[in-house]
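Data block below; observations after.
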There are 2 protein chains.
Amino acid sequence: MTQFRNEVFRSLADPTRRAIFERLCRDGAQSVSTITAQAAISQPAVSKHLRILKGSGLVQGTIHGRETLYRADVAALAPLQGWVREMTGFWDEKFDKLENLLKRMDR
Amino acid sequence: MTQFRNEVFRSLADPTRRAIFERLCRDGAQSVSTITAQAAISQPAVSKHLRILKGSGLVQGTIHGRETLYRADVAALAPLQGWVREMTGFWDEKFDKLENLLKRMDR
DNA sequence: GACACCAATAACCATTCGGTTATATGAATT
DNA sequence: AATTCATATAACCGAATGGTTATTGGTGTC
């Protein structure tokens with residue numbers, strides 16, 4: 001699970017990849033050609049990005065006849081969200097410690 | 001604000017940089033040499049990473065005498081968190097639509 | 001004032017990355 | 001069966017990335 005975390009971060013680092021993922025989130029499943037039509041890059045480039053997104057679990061594709069439909073899997077964002085919570089958690093913890101210290105100084 | 005989003009994602013894509021940020025979140029402000037001591041890379045490499053983290057607002061440094069203390073700024077994670085919420089929001093929205101459709105079909 | 005220490009920058013290098021074009025594979029269409 | 005369409009893969013290329021060592025610029029210390 002924590003192994004995927006790195007893949008997720010890496011996948012989302014590229015704006016083009018984020019744009020593809022966003023679109024799949026917003027508009028639901030789409031074929032490669034449909035995605036390519038709005039991406040301003042070539043079809044092979046899109047396929048490459050999809051492969052990477054798939055590798056991190058952010059996207060999954062199902063074959064329908066001669067076209068493949070890709071859909072976003074928002075559950076794959078969990079490691080990222082978890083990490084953010086962890087980081088802010090550390091911060092709150094420190095804040096609590098400070099508060100505690102101030103209380104003790106008060107007495 | 002949405003300009004920083006890309007920088008934040010890019011910054012956090014590198015595991016070394018995430019590790020540095022994590023440490024600063026967990027243990028509070030630290031000097032460059034202290035960070036370097038635990039990073040398994042050279043001091044200039046650490047300085048480079050800190051520069052990038054600073055560029056995305058994730059970190060800020062204050063000079064104390066001859067050493068510079070860097071601290072994490074968890075508030076800079078907001079764009080990231082916001083984006084995640086937006087994405088999951090799209091998903092919920094679709095779910096609502098489906099629910100709505102089912103309701104209408106029910107009558 | 002000479003010297004050691006801390007951090008930043010410069011110059012360089014190997015690897016990775018994001019893109020391209022060309023090609024292969026397989027499913028629909030005719 | 002031949003052809004066209006949809007996607008994936010291969011081979012390649014320039015730019016960006018993450019690291020290194022060497023050096024510089026300040027700030028304490030002796």
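Residue numbering restarts at 1 for every chain, and letters A, B, ... go by the order of the sequence lines.
- Residues in residues 36-45 of chain A take part in these side-chain hydrogen bond (donor to acceptor under 3.5 Å, both in side chains) pairs, two or more places apart or across chains: A:R23-A:Q38, A:Q43-A:S47.
- Under the rule for a side-chain hydrogen bond (donor to acceptor under 3.5 Å, both in side chains), the partners of B:S33 that lie at least two apart in sequence or sit in another chain are B:S31.
- Here the side chains of A:L50 and A:F21 are not in contact, with every heavy-atom distance at 4.5 Å or above.
- In this structure, A:S42 reaches the C:dT20 phosphate: one of its side-chain N or O atoms is under 4.0 Å from OP1 or OP2.
- Of the residues in residues 14-33 of chain A, those with a non-hydrogen atom less than 4.0 angstrom from any atom of DNA chain D are A:S31, A:V32, A:S33.
- Side chains of A:L24 and A:I35 form a contact here, defined as non-hydrogen atoms less than 4.5 Å apart.
- Annotation: side-chain hydrogen bond (donor to acceptor under 3.5 Å, both in side chains) contacts involving residues 66-85 of chain A, sequence neighbours excluded, comprise A:W83-B:E22.
- Annotation: of the two residues near DNA chain C, A:A40 and B:L50, the 5′-most nearest-nucleotide partner is B:L50.
- Between B:L12 and A:L80, the closest side-chain pair of non-hydrogen atoms is not below 4.5 Å.
- Taking the side chain as every heavy atom from C-beta outward, B:N6 and A:R18 approach each other to under 4.5 Å.
- In this structure, the side chains of B:F90 and B:E86 come closer than 4.5 Å at one or more pairs of heavy atoms.
- Contact check of residues 52-72 of chain B against DNA chain D (heavy atom, cut-off under 4.0 Å) returns B:G65, B:R66.
- Residue B:S56 comes nearest to B:A76 through the heavy atom pair O-CB, 4.3 Å, listed as atom of the first residue, atom of the second, then distance.
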Distances under 3.5 Å between protein N/O atoms and the N/O atoms of nucleotides 9-14 of chain D, please, pair by pair.
unit_1 : atom_1 : unit_2 : atom_2 : d
D:dT9  : OP2    : A:R51  : NH1    : 3.2

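- Looking at A:L69 and A:Q30, their side chains never come closer than 4.5 Å, going by heavy atoms from C-beta outward.
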